[in-house]
There are 2 protein chains.
Amino acid sequence: MKPTTIYDVAREAGVSIASVSNAINGKGKIGKKKREEILKVMERLNYQPSVIASALTGKKTYTLGLLIPDVANPFFAEIARAVEDIAHSAGYSVITCSTDNQDERVLAYIRLLEQKSVDGILIGTGGGADILAQLAEKPLPTVTIAREVQGLPVSGVATDDFRGASLAAAHLLALGHRRMAVLAEDLKVSSSQERVRGFRFSLFEAGIRLEDGDILPCASSIEGGKRATIELLRRSDRPTALFCSNELLAVGALQAAREAGIAVPTGLSVVGYDNTLLSTATNPLLTTIAQPIEQMVKLAFELLIGNGQESAGLVPQRIVMQPELVVRESTAMPQRADRE
Amino acid sequence: MKPTTIYDVAREAGVSIASVSNAINGKGKIGKKKREEILKVMERLNYQPSVIASALTGKKTYTLGLLIPDVANPFFAEIARAVEDIAHSAGYSVITCSTDNQDERVLAYIRLLEQKSVDGILIGTGGGADILAQLAEKPLPTVTIAREVQGLPVSGVATDDFRGASLAAAHLLALGHRRMAVLAEDLKVSSSQERVRGFRFSLFEAGIRLEDGDILPCASSIEGGKRATIELLRRSDRPTALFCSNELLAVGALQAAREAGIAVPTGLSVVGYDNTLLSTATNPLLTTIAQPIEQMVKLAFELLIGNGQESAGLVPQRIVMQPELVVRESTAMPQRADRE
DNA sequence: CTGAAAGCGCTTACAG
DNA sequence: CTGAAAGCGCTTACAG
């Protein structure tokens, strides 16, 4: 009933446990024959080394922590999947931590991950920079993904959110829109801020002023986007186009427009952000900004685990990827034939 | 730089490590004063016990494995979130494993989870019953969730998929549909099978025969659902209603219908399954079957970890929950004013 | 190349 | 109530 240990195979193979250990880890200090014999015995006994025992001796736990706001959010679900795949292919498993961007949850999870001696943490969540700053002090390798942390001296990879928003703005501008608004999720999150800034700045350059009132902070959910849009559509000078900082909000906007009897894109254009599967589930299909998830994750993983081995004490490295505009059906030239 | 250990606090507090251990674990064998003093020292040194060390002495790892087909699939993302939350509140963390329903992946993950000495595994994935059967042999606590495993002597909680499909059938039947078809994901997965069976049986009882050709196996993706629907819509006697075994397929169906110029629900009714956020992102909103995810997860967790402590050697227990029909906009009476 | 021994950070009987 | 000691399953110098 008890799992077989290194002692069992040593006894069975007639060698010392040190030799078994060496055989497993391929340290050169063992004869070929002996090695093969041991491997054979291991196979026969169906022996599987305990990673917790080996971790205790200073080796790695081969476990990573992934901090994200919410796995149930399609964008982060996709990130989680990508992380899982690349980690798994490198022998690691990952503990997913949904923080809801709440400081206390972030804190609790970090503590937990420390106690479990994970080999590293991938941070894709919001949460006070001060809290995350503590992390940088610790010996625990950390890299951020899909977000920046102000002044945090850790490596990370993100996509250029300012640029992504500019892409959206340029698209809308080119279509001829002048009255626009933005739906923004939690402004504590850097990526959200950047998207707002980028959009605003692009309009500014085009000579269009986006008032504070045109930027609506929303709960990051379909409902949140819907509520904000309803309010927007009630205004006398309602916008002809909406830029949403994520697709949950965009879906909400679509729904609000529909209920208000405003056709998209004819009466209202909307562009989302992230290019998740939600953007292909809506009708009309969402025009959106895509982030190269797989690549980001791949790079982040390499930064974390170190493809080279000496990445340890290096200077923090920030990689920024380029977003892309994906034009689908939810944007068009503005026309005031709204109330169809 | 090195994390503080139990020795550090013992020295600092002027006691033995055994006492520190006792203080932490609240074993009665320690004086109140001493206990509080120790706790204070722990606080001051910011001491956090190593769970891997404690796990090695026979205690739990407080880590669970969650096997699902794919976290990027909204339904499983929601399951993963629910599991994470309840696990976290009980002091556990969870390693998410996306298997794509592939035997080899299932196998690899199980092996990994064993090596990491997880305290239990939640199985929500497909994969050969034979493979999972091995699991039952092992001392590793296991419970299935949202699926059955034929003849596997383990506990589990699922919702009644046969019934859920019947609900869908009844709804469509009541609306007056007679020519129907079903889009089924991977038939190796029990839940999928049951949904097909349930639907078929209900029609049968109503005197309607569902031919094998009316049941289209699809890749479990939007694309998969779309392709199958396109084929279906080309048929001369095309169905007036579609039952999809999950919402990815349903979304695909919606898209196919749109491209074919067939209005939903007027020209074609479609009902999905799972009630994920996808069902509220589409236009029209999806009529679907809801599973009580949170409750299922809660019960599964209790079965796994044992709210009572002696659940160990008990007879496997299967809990089945009831699904619910959620009527939204994608279903209506059949009418042959298709080509609008 | 190989084995005896110490040690990783805890917990748990076992004496006192 | 408290501490010394053994042990969990490995790995890693260190001798041979």
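First the proteins, then the strands, lettered A, B, ... as listed; each starts at 1. All values below come from the heavy atoms of this structure, side chains included, with hydrogens, waters and symmetry mates left out.
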Using distance alone, with no hydrogens and no angle criterion, decide if [X] and [Y] have a side-chain donor and acceptor under 3.5 Å apart.
{"X": "B:K116", "Y": "A:S93", "result": "yes"}
{"X": "B:R35", "Y": "B:S19", "result": "no"}
{"X": "A:N101", "Y": "A:T125", "result": "yes"}
{"X": "B:S98", "Y": "A:E84", "result": "yes"}
{"X": "A:T61", "Y": "A:S117", "result": "no"}

> Does a sphere of radius 6.0 Å around CZ in A:R44 hold more than 12 heavy atoms from other residues, nucleotides or ligands, not counting ones at 6.0 Å or beyond?
Replying inline: yes

> Is the CD atom of A:Q48 crowded by more than 12 outside heavy atoms at less than 6.0 Å?
Replying inline: yes

Counting heavy atoms from C-beta on, name the nucleotide in [options] closest to the side chain of [X].
{"X": "A:T5", "options": "D:dT11, C:dT11, D:dG9", "answer": "D:dG9"}
{"X": "A:I6", "options": "D:dG3, D:dT12, D:dC10", "answer": "D:dC10"}
{"X": "B:T57", "options": "D:dT11, C:dC8, D:dC8", "answer": "D:dC8"}
{"X": "B:S19", "options": "D:dT12, D:dG3, C:dG9", "answer": "D:dG3"}
{"X": "A:K59", "options": "C:dT11, D:dC8, D:dT11", "answer": "D:dT11"}

To the nearest angstrom, how far is [X] atom [atom1] from [N] atom [atom2]?
{"X": "A:K33", "N": "C:dT2", "atom1": "NZ", "atom2": "C1'", "value": "16 Å"}
{"X": "A:I38", "N": "C:dC1", "atom1": "CD1", "atom2": "P", "value": "13 Å"}
{"X": "B:E114", "N": "D:dG9", "atom1": "CD", "atom2": "C1'", "value": "16 Å"}
{"X": "A:N22", "N": "C:dC1", "atom1": "CG", "atom2": "C1'", "value": "10 Å"}
{"X": "A:Q115", "N": "C:dG9", "atom1": "CD", "atom2": "P", "value": "15 Å"}
{"X": "A:Q48", "N": "D:dC10", "atom1": "CD", "atom2": "P", "value": "11 Å"}

Between [Y] and [X], does any NZ, NE, NH1 or NH2 come within less than 4.0 Å of an OD or OE carboxylate oxygen?
{"X": "B:E36", "Y": "B:K40", "result": "no"}
{"X": "A:K59", "Y": "A:D119", "result": "no"}
{"X": "B:D103", "Y": "B:K188", "result": "no"}

>> Defining pairs by Watson-Crick or G-U wobble geometry with both distances under 3.5 Å, how would you list the stems of DNA chain D with at least three pairs each?
In response: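 Stem list for DNA chain D: C:1-3 with D:14-16, C:5-12 with D:5-12, C:14-16 with D:1-3.
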
> OP1, OP2 of D:dC10 versus side-chain N and O of A:S50: anything below 4.0 Å?
Replying inline: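 Answer no for this pair, as no side-chain N or O of A:S50 is under 4.0 Å from OP1 or OP2.
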
>> Can you work out whether B:A18 or B:I52 has the more 5'-proximal nearest nucleotide on DNA chain C?
In response: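 The residue whose closest nucleotide sits nearer the 5' end is B:I52.
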
> Cation-pi between A:K298 and A:F301: NZ/CZ under 6.0 Å from ring centre and within 45° of the ring axis?
Replying inline: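 No - A:K298 does not lie over the ring of A:F301 by the 6.0 Å and 45° rule.
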
Distances for protein N/O vs nucleotides 14-16 of chain D N/O pairs under 3.5 angstrom?
none

> Hey, can you pull the residues of residues 7-17 of chain A with a non-hydrogen atom under 4.0 angstrom from DNA chain D?
Replying inline: A:Y7, A:I17

>> On DNA chain D, does the nearest nucleotide to A:P49 precede the nearest nucleotide to B:R35 from the 5' side, or the other way round? Give the residue.
In response: B:R35

> Considering the options A:I68, A:L66, A:L113, which one meets the side-chain contact (heavy atoms from CB on, under 4.5 Å) requirement together with A:C97?
Replying inline: A:L113

